[in-house]
Amino acid sequence: MKTDKSNRLKPRLPRGLADRGGAEIAASERMLAKIREVYERYGFEPMETPFIEYTDALGKFLPDQDRPNEGVFSFKDDDEQWLSLRYDLTAPLARHVAEHFDALPKPFRSYRAGWVFRNEKPGPGRFRQFMQFDADTVGAASPAADAEMCMMMADAMEAVGVARGDYVIKVSSRKLLEGLREVLSGQSAIGDAQWLGVLRAIDKLDRLGPNGVFQLLTGGRKDESGDFTKGAGLAADGADRVMRFLGFCVDAAQARAFYAPDTSPGDLERDNFRRLERLEKTAGFGPTGAQALLDLKALAQFARAGGYDESRILIDRSVVRGLEYYTGPVFEAELTFKVPNEKGESVVFGSVGGGGRYDGLVGRFRGEDVPATGFSIGVSRLFSALKAVKSPIVTGLAEHGPVVVLVMDRERVEDYQRMASELRSAGIKAEMYLGQAGMKAQMKYADKRGSPLVIIQGENEKAKGEVEIKDLIEGARQATAIASHEEYKSARPAQFAVPEAKLVEAVHEALRRQGKA
RNA sequence: GCAGCCGUAGCUCAGUUGGUUAGAGCACCAGAUUGUGGAUCUGGGGGUCGGCGGUUCGAAUCCACCCGGCUGUACCA
């Protein structure tokens, strides 16, 4: 069918979405399998939910009429109810647990990998459909459950080939920040909206640096394109208090920056318990903060008892994480090795996953809070990290292609089909060439498919009751030494004949020589 | 969402002050080689110059709007 060019359909993908090829799928499956092994070993069981949920079950508000798809992809069911594509795996899990609460063993320990969707501006490494790999424990209030999450995340990192020392699980607590708010409110009340602004400012520490954060805590900040961001509106002494909580003090020199990292001995201490002591002394918390310190201390003790030292699980008060539903400890898996960015600068790879305690999420469906903790790995981000460190899990060669049976004589396709079937019955990946092209093109096809071998049986071989087997890998190697085409043609490198009856045996043997069977 | 930069073949890019039929390299297809993936040579296919309007005798080139990409920023449950 020929269509007029002017109305021909354009093949194109909406922005922020991507197709995946065989090599990437295989590598990603290997990675997921390693993570799955770790989760299973900890006693978690698989559980999945669908891509679509009622919008209200996902935890936010109904889409508004003007912009129904802001952030989340939404549409109306035929009964006028709003449905949405899930944007994480935690809210659907909470829905599932609440729905089957009485039937589930508690604590309920489950894991799942799945696609999630966010209708946001995509960028390099940021898609509108991406995969997360979650594990959650619902019904356990003990910090032991949180500690276990951190340990499991650390194990998962090592299982996929991130060396110890190349990652760290950073831990803080939403309650620490709440304690800070209590102290600040002692001077002047801080409303929810203003507090949200403070949290957002803190969250930008890694990107904007201490002085950028200070600006956002107070009046506001102008970025390099001249755009102005309104600040949280704290008074200078309040903002100073926040900065000191984050581990910064006024730069004595005041040369270029107002704030510099606090380099007092306690702050450089790589010991979770001393870090907590110092935090208690310098920050000055209200009752909620005091509780957070107890939680974190317990978590640190569990980690130490499990043999996970500060090179793997480290208390770090600058971790903020998702601002909405976390209620206690929060964690972040950070890769600490450096990679070149687009500008050629060397930067740490950064976060590949995170999580925390969300005691209120299941409770939205019930009368009471249900304690829960979990974490999520950003699969594609971890995947690109593994490529950066050349983990064997993702750099391993792609699966080889099928043995291709060439169609030399169109009258005899049944014979070729039978050969392919024989090879398959023997467990060998094989196919008969299904296109229309001649032999040369068939060879090119086999080459492109990554075939280890092709099977050739034209008139000559048939007459002798033989088949030719050509080793494409060895052939390519030999070809580099051949300059003229005449020689190349007559040499027929890496090719040999076997009796027709010995086809399967000979193919097995040839694959073995290649180390592929 | 806001701001800046950018859109020419599948890819990387040329294209003069606005002036014939818009080019190159790589990739792709075919032939040289009635039956051999490489190399070489020859030939071929592929473009509504992101889209739609406007200015002009004439637009890839100038203008307006739209779409897409990149960067920064905002948002990120």
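Here is how names work: the chains are called A, B, and so on, in the same order as the sequence lines, proteins then strands, and each is numbered from 1.
- When rounded to the nearest whole Å, the span between CZ of A/R128 and C1' of B/G68 equals 12 Å.
- The side chain of A/Y488 contributes an N or O atom lying less than 4.0 Å from OP1 or OP2 of B/G37.
- Within 3.5 Å, no donor on the side chain of A/R200 pairs with an acceptor on the base of B/C76, nor the reverse.
- Side-chain N/O atoms of A/K444 and base N/O atoms of B/U36 include no donor-acceptor pair closer than 3.5 Å.
- Using a 4.0 Å cut-off, some side-chain N or O of A/K204 falls inside it from OP1 or OP2 of B/C75.
- Under the side-chain contact (heavy atoms from CB on, under 4.5 Å) criterion, A/Q417 pairs with A/A420, A/S421, A/R424, A/M432, sequence neighbours left out.
- Looking at heavy-atom distances under 4.0 Å, A/A446 makes no contact with the nucleic acid at all.
- Where pairing requires Watson-Crick or G-U contacts shorter than 3.5 Å, the helical stems of RNA chain B with at least three consecutive pairs are B:1-7 with B:67-73, B:10-13 with B:23-26, B:28-32 with B:40-44.
- If you check every strand for non-hydrogen atoms under 4.0 Å, A/G438 touches nothing.
- A/D447 contributes no side-chain N or O that forms a donor-acceptor pair with the base of B/G38 under 3.5 Å.
- Taking atom OH on A/Y325 and atom P on B/C76, their separation rounds to 13 Å, with Å as the unit.
- Put simply, the side chain of A/K489 and the base of B/U36 share no donor and acceptor less than 3.5 Å apart.
- Side-chain contact check for A/D146 and A/T373: at least one donor-acceptor pair (N or O, by modelled atom type) lies under 3.5 Å.
- Under 4.0 angstrom from either OP1 or OP2 of B/A77 there lies no side-chain N or O belonging to A/R86.
- On a pure distance criterion of 3.5 Å, no polar donor-acceptor pair joins the side chain of A/Q442 and the base of B/U36.
- The side chain of A/K440 contributes an N or O atom lying less than 4.0 Å from OP1 or OP2 of B/G37.
- Residue side chain A/K448 does not reach the base of B/G38 through any donor-acceptor N/O pair under 3.5 Å, judged by distance alone.
- Counting to the nearest Å, the P atom of B/G38 and the CD atom of A/Q478 are 16 Å from each other.
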